[in-house]
Amino acid sequence: MSHFRTASFGANMGGVMCSYNAVNGVPSCANDYNNNKILRGMFNFTGMVVSDCGAVGGIQSNHHFTNTTDDTCYAALSGGTDNNCGNYYVANLQQAINDKRVPVSLVDTAVSRVLTQIFKTGLVETSENVPFKEYNVNTIDSEAHRQLALDSSMAGITLLKNDKDTLPLKAGTKVAVIGPHFNSSTVMLGNYYGDNDLVFNHTPLLALKRRDDLDVVGAAMGCNLTGNDTSGFAEAITAATESDVVLLFLGLTSGQGQQEGNTAAMEREGFDRTFLTLPSIQMELYEAVSKAAADKLVVVVLLNSGGLAIEEIYSSAPAIVEAFYPGELGGDAIAGILMGDRSPAGRLPTTVYTANYTRVRNITDMEFRSHTSPAGNPVPGVTHRFLRPDSGFILFPFGFGLTYTSFSFKISTFPKTMTTMELNRYWPQYYQPGGLLPTVTTIVTNTGTRTSDVAVLGFISCDAKDFPYRRLFGFERVTIAAKESQSVTLTLPAQAFTTISAQGTESLVPTECVLSVGGEPDGFDTANITISGALISKFELPKP
């Protein structure tokens, strides 16, 4: 909830989308408590609430929260939903007004909020005042934007394993490009994308073939993302045996434009994965290629979004690259990282759990902290905030990421003591540009042999009741040459020290805390902070 507060107070956001789900039995798009009392009341939100597409109709058809279209329109509007993505208001709202179920005043309020955003975004202005109205395909698909797409993709690619400096590949290496994603195109765009022809010329295979410093001696799909057809294994094995290095492209798909359906390879809106492993046919391909080409190096490149439990691959493959869905120039970005055009410096944005995590954690369990199930079984927590590293359920921790060099971190300055009253004074500064805040400065040294970016992460852990195991308070990405050092300063907002009780009360409390600055696997430097003074409640949830 603090993220919405920060976006409202700090960024003055113009819109919030209510989702398909219900909270405490009330559909999100009919939730007066969340949308009006908390968002608009507590967080001073003045923008508009727009429904996820079809969510207004779902108040009746999916949640059965209402029985008539009139009641549904009233529930949504009185629940704070100003703009309906879909046609439910268009089809039913006028009748609800005619039937006097929806007061015109509710409609007026919603219309004023929507029109305010229309005016703020310049949709009624002339092109002279709003240049983006003249944007066309050449404006969007410019060289600068293509470079931005490439740079962004390379910056996000995350190196998960690199035994014996397998990567970057040496110039002239003979490679076999294998796997269901060896020549993927639109899959790299993820989901919710528009027309894009560029991606068809920048698949991993085509990008690798264009390299003058690499010799692609063979290519084969090997298998589909799912299924049990192994007829392509032989071609893949032949290609592998003729190479020095096998580049094996495995992963999932988000589904747009794909024919996978709701299968083990699918991760998309409206379809939850029930296990964390790769589809079995892909694991069979990995095992067959690894066995047949035992004297070759097998580099696994993953294309996916949600975390993959790849314990077997991690234990045997010398190098693993997490490319996610890398975008329109994703093939070029992957090739550039593999060949060392740039050192990888991405960090995992989520915790990647082990395969057995889903056996002990029910997908419908909304309790973040570790707890005991109704049957009396221990249930582990979720995310880096509530799942401890010694739980046995973490394959890769949040923020993990290797580079082609190494780094050390040394905290140089930090506030050793603060009072809750001081933190309370700092509180509003967080939401103001250039606000005065405590800082933590760390000397970051590139102890390796090549220039690289590094993302410096700052975590805080406190011993106060209800405080998470650790909380990310800041991060900064910098470029440091080999054997050079750089001073990196992270702001330390008062909001990083709060506890949130089971009743939703957020407070500043006296406590002992530990700062950790750095990043895995290079490590962290730590420092202790003492917070003294009396408890100060900052936010209390309003009564329903």
Main-chain N/O of [Y] paired to [X] side chain as donor or acceptor, under 3.5 Å:
X: Asn162; Y: Leu167; result: yes
X: Arg471; Y: Cys462; result: no
X: Thr241; Y: Thr238; result: yes
X: Tyr404; Y: Asp165; result: no
X: Ser152; Y: Ala149; result: no
X: Lys161; Y: Tyr314; result: yes
X: Glu476; Y: Val488; result: no
X: Arg211; Y: Met339; result: no
X: Ser254; Y: Gly190; result: yes
X: Ser373; Y: Asn377; result: yes

Taking the six-membered ring for Trp, are Phe132 and Tyr135 parallel (under 30°), tilted (30 to 60°) or perpendicular (over 60°)?
perpendicular
Parallel, tilted or perpendicular: which describes the rings of His384 and Phe398, with under 30° parallel and over 60° perpendicular?
parallel
Working for side-chain contact (heavy atoms from CB on, under 4.5 Å), residues Ile281 and Asp229:
CA-CA 8 Å; Ile281 188 68; Asp229 183 1; 5.9 Å; no
State whether Arg146 and Asp332 are salt-bridged, where the test is any N-O pair (Lys NZ or Arg NE/NH1/NH2 against Asp/Glu carboxylate O) under 4.0 Å.
no
Going by an N to O cut-off under 4.0 Å, is there a salt bridge joining Asp151 and Arg342?
yes
Using the rule given for side-chain contact (heavy atoms from CB on, under 4.5 Å), can you reason through Arg347 versus Val454, listing the C-alpha separation, both sets of side-chain angles and the distance that settles it, and then say yes or no?
CA-CA 9 Å; Arg347 292 196 183 277; Val454 58; 3.9 Å; yes
Should the heavy atoms of other residues, nucleotides or ligands under 6.0 Å from [atom1] of [X] be counted, would the total exceed 12?
X: Tyr430; atom1: OH; answer: no
X: Asp212; atom1: CG; answer: no
X: Asp197; atom1: CG; answer: no
X: Phe386; atom1: CZ; answer: yes
X: Phe9; atom1: CZ; answer: yes
X: Asn136; atom1: CG; answer: yes

Do you know the tightest heavy-atom contact between [X] and [Y]?
X: Phe467; Y: Ala496; result: CZ-O, 3.4 Å
X: Leu225; Y: Gly251; result: CD2-O, 3.6 Å
X: Phe249; Y: Leu247; result: CD1-O, 3.6 Å
X: Ser243; Y: Val175; result: CB-C, 3.8 Å
X: Tyr353; Y: Ala309; result: O-CB, 3.5 Å
X: Pro349; Y: Phe324; result: CD-CZ, 3.8 Å

Do [X] and [Y] have side chains that get closer than 4.5 Å, going by heavy atoms?
X: Arg450; Y: Ser343; answer: yes
X: Tyr325; Y: Leu189; answer: no
X: Leu250; Y: Leu302; answer: yes
X: Ser316; Y: Tyr286; answer: yes
X: Arg5; Y: Glu506; answer: yes
X: Leu348; Y: Leu160; answer: yes
X: Met188; Y: Pro204; answer: yes
X: Pro344; Y: Val321; answer: no

Within this structure, what is the [atom1]-[atom2] distance for the pair [X] and [Y], rounded to the nearest 0.5 Å?
X: Ile178; Y: Met221; atom1: CD1; atom2: CE; result: 12.5 Å
X: Asn356; Y: Leu276; atom1: CG; atom2: CG; result: 9.5 Å
X: Lys164; Y: Leu297; atom1: NZ; atom2: CG; result: 9.5 Å
X: Thr405; Y: Asn446; atom1: OG1; atom2: CG; result: 3.5 Å
X: Tyr357; Y: Thr351; atom1: OH; atom2: OG1; result: 8.5 Å
X: Lys170; Y: Leu214; atom1: NZ; atom2: CG; result: 13.0 Å

Is there a donor in the side chain of Asp522 and an acceptor in the side chain of Ser406, or the other way round, less than 3.5 Å apart?
no
Side chains of Glu269 and Tyr192: donor-acceptor distance under 3.5 Å anywhere?
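Yes, a side-chain donor-acceptor pair sits under 3.5 Å.
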Please lay out, stage by stage, how Ser51 and Tyr20 fare under the test side-chain contact (heavy atoms from CB on, under 4.5 Å).
CA-CA 8 Å; Ser51 76; Tyr20 294 118; over 6 Å; no
Ser412 and Thr441: side chain to side chain donor-acceptor pair (under 3.5 Å), yes or no, with the steps?
CA-CA 6 Å; Ser412 57; Thr441 299; 5.0 Å; no
From Val245, Asp213, Asp244, residue fulfilling side-chain contact (heavy atoms from CB on, under 4.5 Å) relative to Leu169
Val245
side-chain contact (heavy atoms from CB on, under 4.5 Å), that's the test. Do Lys296 and Glu242 meet it? Break it down for me.
CA-CA 9 Å; Lys296 317 293 183 181; Glu242 294 174 352; over 6 Å; no
Please lay out, stage by stage, how Asp52 and Ser19 fare under the test side chain to side chain donor-acceptor pair (under 3.5 Å).
CA-CA 5 Å; Asp52 205 339; Ser19 54; over 6 Å; no
